[in-house]
S.K.: 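One structure coming up, written as structure tokens, with questions to follow.
Proteins get letters first, then strands, A, B, ... in listed order; numbering begins at 1 in each. Values in this document were obtained by computation on a predicted structure and should not be read as measured data.
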Amino acid sequence: MVEFDLAKFEEEAHERWNHVFDSNPSDREKFYLTVAYPYPSGAMHVGHGRTYIVPDVLARFWRMRGKQVLFPMAFHVTGAPVVGISKRIARGDEKTIRLYRDLYRVPQNVLDSFTDPLTIVRHFAAEYQRVMTSCGLSIDWRRRFITVDPTYSKFIEWQWKHLYEADHVIKGAHPVRYCTVDENPVGDHDLLEGDKAEVVKFTLVMFHHGDAFIPTATLRPETIHGVTNLWANPCVTYVKALVDGKAWIVSRDAAEKLSLQDHTVEIREEIKGSDLIDKKVTHPLCGEVPILPADFVDPDMASGVVMSVPAHAPFDYIALRDLQEQGNYCQIRPIPLIKVEGYGEIPAKEAVEKAGIKSQMDSRMDCLTQEIYSAEFSKGKLFEKYGGKPVRVARDEVAAMMIEKYDSKVMYEFDLRPVICRCGNKVKVKILHDQWFLKYSDQEWKQQVKVQLKDMSLVPAEVRAEFDRTVDWLKDWACTRRVGLGTRFPWDTTQLIEPLSDSTIYMAYYTIAHRIREMDSRHLTPEVFDYIFLGKKSPDLPEKKKLDAMREEFLYWYPYNFRFSAKDLISNHLTFQIFHHVTIFPKDKLPLGMVVFGMGLLNGAKMSSSKGNVFLLEEAVEEFGADTVRMFLMGSAEPWQDFDWRNELVISTKKQIERFYNTVMEIKDAGGEPHDIDRWLISRLQSHIARTTEAIENFQTRQALQEAYFGIETDLKWYRRRLPGNSDGSRELHTLCSVWTRLLSPFIPFTGEHLWKELAGEGLVSFAPWPVADDRYVNPKIELAEELLCRTVEDIESIRKLIQITPKSITISLAPEWKWEVFSLIAKSEDRNTAIKEIMKHDSMKKRGREATDAAKQCTTLIHRLPPQVVGPLSREPVNERAVFENAQAFLEQEFGVPVHITDAESSCHMKAGTALPFKPAIIIE
RNA sequence: GCGAGGGUAGCCAAGCCAGGUCAAAGGCGCUAGGUUGAGGGCCUAGUCUCGUAGGAGUUCUUGGGUUCGAAUCCCAUCCCUCGCACCA
């Protein structure tokens with residue numbers, strides 16, 4: 001007998017699987033599943049493992065069910081991150097190098113070549129393919145491509161032509177992070193600091209000062225009515241500049257920023273901050289107010305001047321108070337304008353005093369500010385005299401009104417500072433023109449997507465709400481970039497198509513990927529793709545034969561049946577792809593279903609490559625074996641749930657596989673004659689087959705394993721316990737082994753192949769027929785009898801444990817026939833509460849009196865406790881309990897090591913005998 | 001803040017949609033016993049409280065409600081996780 005050795009099984013299987021999963025159109029029904037292709041910028045960890053193993057299990061399952069299965073894979077290499085990585089490696093960034101050298105185990109000579117971004121993705125794409133193969137993924141690798149292949153770019157260009165013609169691509173302006181030294185937009189990877197900072201939209205409230213404007217930047221324009229003063233920093237140098245031909249007074253930093261945001265700016269003169277103090281300014285909505293000094297005003301924050309609303313802003317309140325305590329500006333009073341539940345007249349004052357804050361520098365000030373802003377935004381209402389509207393409504397209305405009537409402008413600025421480019425310069429916000437958008441805001445387009453969503457099957461069902469909401473919420477998407485790898489944007493070749501936008505219909509490309517490779521990319525005009533995907537004929541198509549073959553593949557495979565992807569992609573990729581599909585493809589080629597994954601944890605903490613909290617998939621496979629990794633990942637949680645990788649649990653998974661293997665090897669050649677217990681085993685097996693099948697059809701890998709592994713194992717344990725001492729089991733066990741191996745082989749294909757060779761001799765289990773539950777083998781009577789026996793054995797055990805005497809004999813006393821009548825009447829009755837009354841109306845029961853009522857009550861309790869699948873048959877037909885126990889007498893005596901007697905309760909004089917109920921005989925241990 | 005999901009025994013986790021099969025599957029950990037004995041062994045039993053007869057009592061975040069009956073349905077509450085975009 002071959003010892004359990006996963007490494008050996010893996011080697012054997014890989015040899016036999018060479019190219020067997022390559023899949024071509026055939027006369028069988030197809031099943032096409034795709035999973036989000038990886039961005040290969042680093043090594044695979046066990047979290048990735050799950051993402052690709054789930055579809056593989058499904059692919060293997062449907063293949064065994066006789067479908068023509070397509071499971072392809074490609075690599076997404078477009079985008080910016082890898083460009084940043086290569087730059088960091090080139091300049092010797094320690095952190096990056098450590099990650100790649102130590103965690104991802106890239107040899108030094110390879111690492112040296114990583115200064116070229118394409119080399120990085122090519123290296124890891126090869127790694128991915130190698131590790132995926134080692135995990136046993138049944139992928140058709142002929143169809144592999146990467147997203148910078150020239151043929152793929154042609155395909156993307158074709159797609160965009162259609163989007164453009166459908167009016168979904170528009171040009172606009174967009175604020176971006178921008179470095180004025182590099183003269184380039186700044187991506188995440190180019191930042192030294194401030195990667196959390198977001199661009200927010202400030203309203204510039206324009207105060208008049210002589211012939212000039214003093215713009216103050218605010219997020220709360222509705223508070224204009226409560227302005228008591230402005231704040232300027234006396235230590236800062238301001239400038240007077242002509243902005244779009246009109247004089248503005250702003251900080252020097254602000255002047256430069258404004259020039260990046262669609263304003264012409266000419267600086268005319270410098271003004272010391274101290275010269276502004278005590279000057280008066282006016283605004284039509286709040287009248288005349290003074291400018292007061294404040295150190296906290298940051299010249300790098302928007303315009304460098306802010307308006308002060310001491311009633312509602314803690315910073316303003318406390319700054320004003322400080323000045324007043326020195327005896328200045330005592331005539332200024334906070335002007336409240338917002339009523340908010342939970343606060344009195346002047347919320348800022350109240351909050352500051354309640355918290356006992358003494359100084360502007362108090363670290364709690366930010367929290368406090370946040371708290372008041374939130375409360376006012378969510379629950380606040382303007383006073384009646386200012387319109388009485390809720391703050392969240394008034395904010396936008398006031399801003400719009402001030403822009404229209406009072407010269408206000410919008411200014412973009414970061415919500416956090418500093419934001420520093422890796423060149424060391426401060427990053428600013430620039431409004432970029434020539435920015436292209438996908439018009440996801442288009443209501444009609446949204447509507448088409450919604451219609452399609454309705455027809456799609458979504459797993460798990462709960463995510464439907466999230467999809468619906470995402471469609472409603474999507475705004476225009478900036479779809480072109482200036483840095484990174486990717487396909488050139490057709491209408492502006494200085495820009496690239498953004499990586500999420502080039503990954504929306506590539507599932508269609510898989511169907512032709514292995515054939516289009518043979519074509520010259522220069523021949524791949526839009527007309528060619530129109531023919532392949534849409535069947536549109538045009539003259540002079542090149543290499544018509546090849547095109548026809550591709551058209552045939554596409555028609556056969558498309559649409560895909562299921563797409564698998566991570567949960568966090570719902571709000572972009574998974575939804576985008578529906579948008580693009582509905583535009584380009586006809587109804588019968590639109591996606592059919594999606595499965596959304598949960599995320600991976602490592603020992604309870606979120607897996608993250610950047611934090612080093614990952615376990616590499618390759619290491620896992622080496623240490624525990626591919627089948628172990630697969631079975632653990634599939635069995636520890638359902639695909640859409642989060643799973644937690646813990647080594648000690650993985651170890652026990654390996655033991656389970658070993659136990660399965662050893663059991664099959666032990667019992668497969670048993671040759672005994674079948675008994676009743678064999679019929680029981682095979683009967684039970686049918687429901688395990690049915691339930692496993694149903695679970696996998698519903699993507700419940702965990703449920704399926706529970707059923708296919710533990711369900712059958714538990715039965716087998718009971719079976720072997722029930723066998724007479726001298727028996728190894730019957731030849732039925734061979735059937736069971738064959739079924740069992742096939743049920744588990746999608747999960748543990750390597751062990752599966754090895755066992756299948758032992759069992760069947762030839763052929764691959766990967767293509768063996770999936771077991772089908774056969775009703776002819778289902779025997780409810782025998783299952784019920786065994787259930788009765790098993791329950792009785794459990795009862796005997798629990799009594800024996802409790803009384804702790806050494807028993808000399810066991811008597812099983814069976815309930816009389818009239819109790820079966822009672823049982824059946826109660827079980828059948830609609831209302832089990834009134835059933836007792838009904839029963840007592842019968843004369844035969846009346847004469848038993850109290851005894852009958854008690855029995856009825858006990859039966860009611862029992863019926864509630866028994867599973868419905870037991871109660872149902874019992875109510876129709878009593879079990880011949882005597883036969884069950886007499887057949888099992890030898891077994892019982894062997895189990896308990898004492899003589900076992902079977903009696904009728906009615907003829908017994910033992911006081912316990914009266915407690916006998918149907919399906920629950922009285923047990924007397926003496 | 002907005003949107004989606006979730007809180008079950010020492011831990012992980014099933015059950016909840018279709019209320020009585022629920023003191024609540026399975027696993028891990030722990031405890032005891034067995035295994036004539038190496039190897040991240042294997043097997044059996046126990047693991048809320050009480051109980052010398054298969055039982056009873058109190059549990060499923062918290063507080064209410066509906067019901068003969070609630071882990072499951074309704075309302076409220078507290079806490080947690082994820083997404084909120086130009087980033088794959």
S.K.: Is the distance between the ring centroids of A:H174 and A:F437 under 6.0 Å?
M.R.: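 Yes, ring centres under 6.0 Å apart.
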S.K.: The side chain of A:A922 is closest to which nucleotide in this list: B:G54, B:A88, B:C28?
M.R.: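 The answer is B:G54.
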S.K.: So if I take every side-chain heavy atom of A:P499 and compare against B:A53, B:G26, B:A88, which nucleotide ends up nearest?
M.R.: B:A88
S.K.: Among B:G83, B:C28, B:A85, which nucleotide has an atom closest to any side-chain atom of A:S652?
M.R.: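 Of the options given, the side chain of A:S652 lies nearest B:C28.
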S.K.: Please state whether the phosphate of B:G83, meaning OP1 or OP2, lies under 4.0 angstrom from any side-chain nitrogen or oxygen of A:K567.
M.R.: no
S.K.: Would you measure the distance from the P atom in B:C43 across to the matching atom in B:A56 and give it in whole Å?
M.R.: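 Looking at atom P only, B:C43 and B:A56 are 34 Å apart.
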S.K.: Considering only side-chain heavy atoms of A:F710, which listed nucleotide, B:C87, B:G27, B:U21, is closest?
M.R.: B:G27
S.K.: Provide, to the nearest angstrom, the distance between the CE atom belonging to A:M599 and the P atom belonging to B:G5.
M.R.: 16 Å
S.K.: How long is the line joining CD of A:E794 and C1' of B:A45, in whole Å?
M.R.: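 The answer, rounded to whole Å, is 13 Å.
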S.K.: Return the value, rounded to whole Å, for the distance between atom CD of A:Q703 and atom P of B:C16.
M.R.: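 That distance rounds to 10 Å.
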S.K.: Which whole-number value in Å describes the distance from A:L788 CG to B:G54 P?
M.R.: 19 Å
S.K.: B:A88 P sits how many Å from A:F597 CZ, rounded?
M.R.: 22 Å
S.K.: Please determine, by modelled atom types, if A:W718 and A:E786 share a side-chain donor-acceptor pair under 3.5 angstrom.
M.R.: yes
S.K.: Want to settle it: does A:L569 or A:K920 sit nearer the 5' end of RNA chain B, counting the closest nucleotide to each?
M.R.: A:K920
S.K.: NA contact type, A:H76, heavy-atom cut-off 4.0 Å: base, sugar-phosphate, or nothing?
M.R.: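 Sugar-phosphate: the residue A:H76, judged by heavy atoms under 4.0 Å, touches backbone atoms but no base.
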S.K.: Between B:G55 and B:G46, how far apart are the two P atoms, rounded to whole Å?
M.R.: 14 Å
S.K.: Picking from B:C87, B:G54, B:A53, which would you name as closest to the side chain of A:N572?
M.R.: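 In terms of side-chain proximity for A:N572, the closest of B:C87, B:G54, B:A53 is B:C87.
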S.K.: Does A:T653 get its side chain close enough to the base of B:G27, under 3.5 Å, for a donor-acceptor pair?
M.R.: no
S.K.: When the distance from CG of A:L802 to P of B:U49 is rounded to whole Å, what number comes out?
M.R.: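 That distance rounds to 15 Å.
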S.K.: Using the closest heavy atom to pick a nucleotide of RNA chain B for each, name whichever of A:A916 or A:Q700 lands nearer the 5' end.
M.R.: A:Q700
S.K.: For the side chain of A:I925, starting at C-beta, report the closest nucleotide among B:A88, B:A53, B:G54.
M.R.: B:A53
S.K.: If we ignore angles and hydrogens, is there a donor and acceptor under 3.5 Å between the side chains of A:E498 and A:S501?
M.R.: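 There is such a pair (donor and acceptor under 3.5 Å, judged by atom type) between the side chains of A:E498 and A:S501.
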S.K.: Taking atom C1' in both B:A14 and B:G63, compute the distance separating them and give it to the nearest angstrom.
M.R.: 27 Å
S.K.: Nearest to the side chain of A:R702, heavy atoms from C-beta on, is which of B:G54, B:G55, B:A14?
M.R.: B:A14
S.K.: Out of B:A85, B:G83, B:C87, which has the shortest distance to the side chain of A:L500?
M.R.: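 Side chain of A:L500 sits closest to B:C87.
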S.K.: Taking the six-membered ring for Trp, are the ring centroids of A:H45 and A:F615 within less than 6.0 Å of each other?
M.R.: no
S.K.: Would you give the length of the straight line joining atom CG of A:L866 to atom CG of A:L874, rounded to the nearest 0.5 angstrom?
M.R.: 7.0 Å
S.K.: Can you figure out which of B:G5, B:G54, B:U21 approaches the side chain of A:E462 most closely?
M.R.: B:G5
S.K.: Expressed in whole Å, how much space separates the C1' atoms belonging to B:A70 and B:U66?
M.R.: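 10 Å, rounded to whole Å.
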S.K.: Expressed as a whole number of Å, how far does the P atom of B:A9 sit from that of B:C2?
M.R.: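 30 Å, rounded to whole Å.
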S.K.: Would you measure the distance from the C1' atom in B:U47 across to the matching atom in B:C28 and give it in whole Å?
M.R.: 13 Å
S.K.: Taking the P atom of each, how far is B:G20 from B:G10, in whole Å?
M.R.: 25 Å
S.K.: Let me know the distance between NZ of A:K717 and P of B:C42, rounded to the nearest Å.
M.R.: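 To the nearest whole Å, that distance equals 12 Å.
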S.K.: Write down the partner of B:G5 under the Watson-Crick or G-U wobble criteria, each distance required to be under 3.5 Å.
M.R.: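 B:G5 is paired, partner B:C80.
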S.K.: Round to the nearest Å and state the distance from A:M634 atom CE to B:A14 atom P.
M.R.: 15 Å
S.K.: Taking the ring centre of each residue, are A:W477 and A:F576 less than 6.0 Å apart?
M.R.: yes
S.K.: Distance under 6.0 Å and angle within 45° of the ring axis: does A:R220 meet both against A:Y373?
M.R.: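 Because its charged atom sits under 6.0 Å from the ring centre and within 45° of the axis, A:R220 does stack over A:Y373.
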S.K.: Using the six-membered ring of A:W473, assess whether NZ or CZ of A:R469 lies under 6.0 Å from its centre and within 45 degrees of the ring axis.
M.R.: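 The answer is yes, since A:R469 meets both limits relative to A:W473.
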S.K.: Say we look at B:C68 and B:G19: how far apart would their C1' atoms be, to the nearest angstrom?
M.R.: 12 Å
S.K.: It should be established whether A:Q641 places a side-chain nitrogen or oxygen under 4.0 Å from OP1 or OP2 of nucleotide B:A14.
M.R.: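 Checking B:A14 against A:Q641, a side-chain N or O does come within under 4.0 Å of OP1 or OP2.
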S.K.: Taking the side chain of A:K912 as its heavy atoms from C-beta onward, which of B:A85, B:A53, B:G26 lies nearest to it?
M.R.: B:A53
S.K.: OP1 or OP2 of B:G41 less than 4.0 angstrom from a side-chain nitrogen or oxygen of A:K655, does that happen here?
M.R.: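 For A:K655, the contact criterion (side-chain N or O under 4.0 Å from OP1 or OP2 of B:G41) is met.
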